[in-house]
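Below is one structure; the comments refer to it alone.
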Amino acid sequence: MDNLQTRFSHIKKLILEQEYARFNPPQREAVFNINGPLLILAGAGSGKTTVIVGRIEYMLRYGDSYLSDFIPPGLCEDDISFMCDFHKNRHKNRVTDSAADKISALLAHNRVKPWNILAITFTNKAAGEMKERLEKAVGNAVRDIHAGTFHSICSRILRIDGNLLGYSQKYVIYDREDSLKVIKDSIRELDFNEKLFPPRAVLNEISSAKDKMMDAKAYSQAAGTDIQKCENARIFELYEARLKKSDAMDFDDLILQTVRLFEQFPEVLAKYQDRFKYILVDEYQDTNHTQYKLISLLSRAHSNICVVGDDDQSIYKFRGATIRNILDFENQYKDARVLRLEQNYRSTAIILGAANAVIANNNQRKGKNLWTDKNGGEKIKHIRTRDETEEAEYITAQIQKNAAENGFKYSDNAVLYRMNAQSQNIERSFVRAAIPYRIFGGAKFYSRKEVKDIISYMSVIVNPNDTARFSRIINVPKRGIGPATVQSLFEISQGLGISVLDVIAESASFPALSKKSAVLCKFAGMIKELQGALENTSLPEFFDLLTEKTGYMDYLKKMGEESKPRIENILEIKTVLAKFESENKLGSDHGKTPSLDDYLEEVALYTDVDEYNSGEDCVVLMTIHSVKGLEFPRVFLTGMEEGIFPSIQSSFSLEELEEERRLAYVGITRAKQELHLTAASQRMIFGTTRYCKTSRFVEEIPPDMITLTDMTRTYETPSYSHRISAGRNSFAQPSAVKTETPPPSSRKKAEMLNFSTGDKVEHPVFGTGIIMSASAMANDTMLEINFDKTGIKKIMANFGKLELKN
DNA sequence: ATGGGGCTGCTTTTT
DNA sequence: GCAGCCCCAT
């Protein structure tokens, strides 16, 4: 400790450790290791985002100071004593900003430029939240950091360099609905039967092919002698061609084409490698193969790649995510450092214990043990209700009671469900009780017909090659241009290789179109007029012009009373446009006025969940998928029933069941203090009533962590007979039986109502099978049973001969 | 080309 | 339960 240098290094470390004292040791290690590959395995609630933000702040402020041996040139005794003073004063929380700046200038080494950082998240919401927190930590520098979702980052790259692949700067992004339409058109054009080629399935197949970096040709070659696949390949080929012709990309393309761009044009890749020297990927367990490729390519030059993830929270396998990316990280980067964040700061010990117990039933996991230094907590409440209405009323009563007695805010509560369809009952109950709520997902604003129509008009105005949307709006409102005309229009356009607008201009000379030439030209003229108007009007003004000239507003107005909400919806677009314009005018990246293109880009990658801001005081309703990354003091996990959660279609594969269990894990770990698990013994879903038994995930929670309130047991006969006697608010002052242990799950007699979805049964003729659904029908229950040997059969429960297995 | 009526089928999760 | 489909009559 005698010379200046060693003292500097020593005090430097003390100061930096002090600066990041709020982090625990592995977290701090994550912050200080900014160079080289780093894998952070971050359990739920382990302060992941805080670490990411802290790490970026550290990079900007101190570079790689902590781990470097750097000594500032001209270091003197004064500097050291300044550092010592700073260290002491910091302790007493008395340092000025200027002193802090001076310190960081003194300690910093290889400071990272904000524009050299690329931070990728999965959802816009996560990106927004990260930016928000970064802004608090690093101020204006946040504007230069490239932060966004995979899709938004790629889309930006493709706007700039996509021309190399033959896309214009104004290419459109097709959402699933658009893609589906193109698939349907392609199937029709090939004269295929939609029943044999369900468009959804074909689209999924194409999507997963794209995830393997296959184009239609490659897919066709891989198809070999598989007839279905060969036919799929033809649809794929058409789909691909149509998208290209429309100057359109689907969601998969955004990633895939960026990877292609990088592979085919090394100089472009080099440009981005040089720009993105430090790469950070959040939710790495949810990345798919193309996303992995993208990251690999970008990080190849500098290897400053930090990925953060939790294999137990991987819930997007269904869209191609693979945990392999996490599991193989250490093989991919031999010098990778692996850090584990296992201390949970969010939940009570009980909630955490339950989550650990549930996830322990999975085999496919890296294995980790989340712990907390908190003790105890309230037991988890498991409520078994008669049906979904009672479930909703229970939740309503709980929230009301708590708001009244404990001064809880509405926004402290989250109601989660497996699928969007489940939200309706809860919503209805909330409306009746006047509980403010906000619902996410489901019928999304931008997927409403009228909204999509207006967006389609805008798309066509920006990019008239967008055939999917062109055909969507050409006859809305009615202009006398029917499907036959539209078809010949596109055929001619394709045949001659000229744009649709050009075909219209010449329409008089084509026999198939000549009769319609007048209306067609009128339409084209309108589009051109609006294109011209775009140049010199503000976006909200343009909106008015658009709704007027296209006749859309009149069309809605003429529909009378029922169209009122539709008019409100499209006027909402105007509001959004105005907001978009004013927000982006000042803060826009490049100081340019926001254009319609920019708005369309945002819309294309927008999801409802993005809108969530915790400012409003209302109960939050969303799917468990969308809630990832959020936390609430109190969480209601609803529909905890076999067949719902885990979903019926997952119950046949072990892999999918494990994914469902991870989903359960995500749901449970959202709760900070209170967790309610509700299950209805009968539920009306998709038009039929089903009888369900409690989800295995509830049974997997150790009995000493959970209390059961069984509202169905107050009455002698289970299920429908008690409908008459059931008091609507029986749970407000629970008269129901309270027990400390879950009910025995084994049943002796196979009475008719004891059959429920997911049960294994034996039939003397058909053998063993699994009950797919059970619906009440004329004093009996109709069971749909999937028999191992003979497939799905419908059988009445009372007809007898069925026996429950195990 | 348009509008209505009746039918089927389909329901997980999302950028 | 409902949306989207097809078919038919105008």
Side-chain angles (χ1 to χ4, degrees), chain A residues 120-127 148-155 173-181 184 188 194-195 198-201 204 207 210-211 249-256 283 286-288 290-291 314-321 416-425 440-444 446-449 474-487 515-516 519 601-610 622-628 639 643-651 656 659-660 662-664 666-667 684-690 772-773 775:
Chain A
I120 303 182
T121 58
F122 232 76
T123 61
N124 295 304
K125 171 178 64 71
T149 63
F150 273 101
H151 293 85
S152 73
I153 303 262
C154 287
S155 146
I173 300 168
Y174 277 5
D175 62 17
R176 205 180 152 81
E177 200 186 318
D178 298 319
S179 298
L180 219 49
K181 188 176 157 37
K184 281 181 193 167
R188 216 161 293 169
E194 278 197 20
K195 300 229 166 70
R200 281 174 51 105
N204 286 341
S207 177
K210 282 185 172 181
D211 185 36
M249 297 203 211
D250 63 18
F251 286 137
D252 300 314
D253 281 331
L254 290 175
I255 319 287
L256 172 67
E283 309 281 14
D286 289 332
T287 50
N288 62 24
T290 38
Q291 289 164 339
S314 159
I315 53 175
Y316 287 109
K317 222 184 80 186
F318 72 93
R319 67 169 199 211
L416 310 179
Y417 33 81
R418 176 70 240 267
M419 50 187 171
N420 284 307
Q422 287 168 255
S423 69
Q424 285 191 346
N425 309 296
F440 299 91
K444 292 182 184 107
Y446 283 103
S447 58
R448 298 198 181 147
K449 271 184 225 98
I474 190 165
N475 204 29
V476 182
K478 301 276 179 282
R479 299 191 174 91
I481 306 170
T485 310
V486 175
Q487 204 189 338
K515 266 189 240 160
K516 297 285 171 187
V519 274
E601 162 108 15
E602 190 169 289
V603 168
L605 300 174
Y606 170 97
T607 52
D608 255 13
V609 188
D610 307 342
M622 57 172 97
T623 64
I624 310 173
H625 278 89
S626 359
V627 83
K628 191 157 64 138
I644 302 280
F645 190 25
S647 75
I648 187 73
Q649 49 271 72
S650 67
S651 59
E656 283 183 54
E659 175 135 321
E660 294 283 302
R662 290 193 291 270
L663 195 56
V666 168
M684 169 88 127
I685 201 125
F686 300 128
T688 45
T689 304
R690 294 186 183 181
M772 308 281 293
S773 75
S775 22

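The structure presented is a predicted model; accordingly, all values stated were derived computationally and were not measured. Per chain, numbering begins at 1; letters A, B, ... match sequence-line order.
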Open item on the list: Between B:dT15 and A:F150, is there a base-stacking contact, meaning the centre of the base's six-membered ring lies under 5.5 Å from the residue's ring centre while the planes stay under 30° apart?
Closed with: no
TODO: For the side chain of A:T149, starting at C-beta, report the closest nucleotide among B:dT15, B:dA1, B:dT13.
DONE: B:dT15
Task: Residues that A:R188 engages under salt bridge (charged side-chain N to carboxylate O under 4.0 Å, His left out), provided they are two or more places apart - done: A:E194
- [ ] Mind calculating the distance between CD1 (A:I474) and P (B:dA1) to the nearest angstrom?
- [x] 11 Å
- [ ] For A:H625, check ring-ring contact (aromatic ring centres under 6.0 Å, His included) against everything at least two apart and list the hits.
- [x] A:Y316, A:F318
Table of protein N/O atoms under 3.5 Å from nucleotides 9-11 of chain B N/O atoms:
| from | atom 1 | to | atom 2 | distance (Å) |
| --- | --- | --- | --- | --- |
| B:dT11 | OP2 | A:R200 | NE | 3.1 |

Check: protein-nucleotides 2-7 of chain B nitrogen or oxygen pairs below 3.5 Å:
| from | atom 1 | to | atom 2 | distance (Å) |
| --- | --- | --- | --- | --- |
| B:dT2 | OP1 | A:G480 | N | 3.0 |
| B:dT2 | OP2 | A:N475 | ND2 | 2.6 |

Open item on the list: Distance check, rounded to the nearest 0.5 Å: A:L254 atom CG versus A:I153 atom CD1?
Closed with: 12.0 Å
TODO: Could you list the residues that satisfy side-chain contact (heavy atoms from CB on, under 4.5 Å) with A:P198, not counting sequence neighbours?
DONE: A:A201
Task: Those residues that, when tested against A:D252, pass salt bridge (charged side-chain N to carboxylate O under 4.0 Å, His left out) (two or more places apart) - done: none
Task: A:F318 CZ - B:dT13 P separation (whole Å) - done: 8 Å
- [ ] Check the distance between B:dT13's P and A:I624's CD1 and give it to me in whole angstrom.
- [x] 11 Å
Open item on the list: Measuring only the P atom in each nucleotide, how far is B:dT13 from C:dG4? A whole number of Å is fine.
Closed with: 15 Å
TODO: Nearest whole angstrom, please: distance from the P of B:dT13 to the CD1 of A:I648.
DONE: 16 Å
Open item on the list: Please classify the nucleic acid contact of A:Y316 as base, sugar-phosphate, or nothing, using heavy-atom distances under 4.0 Å.
Closed with: sugar-phosphate
Open item on the list: Holding to ring-ring contact (aromatic ring centres under 6.0 Å, His included), I want the full list of residues that pass it with A:F122, two or more places apart in sequence or in another chain.
Closed with: none
Open item on the list: A:K449: which residues meet the side-chain contact (heavy atoms from CB on, under 4.5 Å) condition with it, sequence neighbours left out?
Closed with: A:R472, A:R566
TODO: Using whole Å, report how far CZ of A:R418 lies from C1' of B:dT13.
DONE: 5 Å
Task: Rounded distance in Å - CD (A:E602) to C1' (B:dT15) - done: 14 Å
Task: Distance test, side-chain N/O of A:T623 to OP1/OP2 of B:dT14, below 4.0 Å - done: yes
Task: Which residues share a salt bridge (charged side-chain N to carboxylate O under 4.0 Å, His left out) with A:D175, sequence neighbours left out - done: A:K452
Open item on the list: So, does A:S626 get its side chain near the phosphate of B:dT14, meaning an N or O under 4.0 Å from OP1 or OP2?
Closed with: yes
Task: Under 3.5 Å: donor-acceptor pair, side chain of A:Q291, backbone of A:F150 - done: no
TODO: Return the set of residues passing salt bridge (charged side-chain N to carboxylate O under 4.0 Å, His left out) with A:K516 (not counting sequence neighbours), or none when no residue passes.
DONE: none
Using atom names, set out every protein N or O paired with an N or O of nucleotides 3-10 of chain C below 3.5 Å, distance rounded to 0.1 Å.
| from | atom 1 | to | atom 2 | distance (Å) |
| --- | --- | --- | --- | --- |
| C:dC5 | OP1 | A:K184 | NZ | 2.8 |

- [ ] Could I get the full list of side-chain contact (heavy atoms from CB on, under 4.5 Å) partners for A:I474, not counting sequence neighbours?
- [x] A:F470, A:I481, A:V486, A:L489, A:L520, A:F523
Task: Pairwise 5' ranking along DNA chain B for A:I315 and A:T485, keeping only the more 5' one - done: A:T485
- [ ] Check every strand shown and say whether A:K515 touches a base, only sugar-phosphate, or nothing at a heavy-atom separation below 4.0 Å.
- [x] nothing
TODO: Would you kindly give the CD-to-P distance between A:E659 and B:dT13, to the nearest whole Å?
DONE: 13 Å
Open item on the list: Applying a 4.0 Å non-hydrogen cut-off, can you work out what A:A604 is touching in the nucleic acid: base, sugar-phosphate, or nothing?
Closed with: nothing
Open item on the list: Is the shortest side-chain heavy-atom distance between A:H151 and A:I173 below 4.5 Å?
Closed with: no
Task: Whole angstrom value for the distance that separates C1' of B:dT13 from CD1 of A:I644 - done: 14 Å
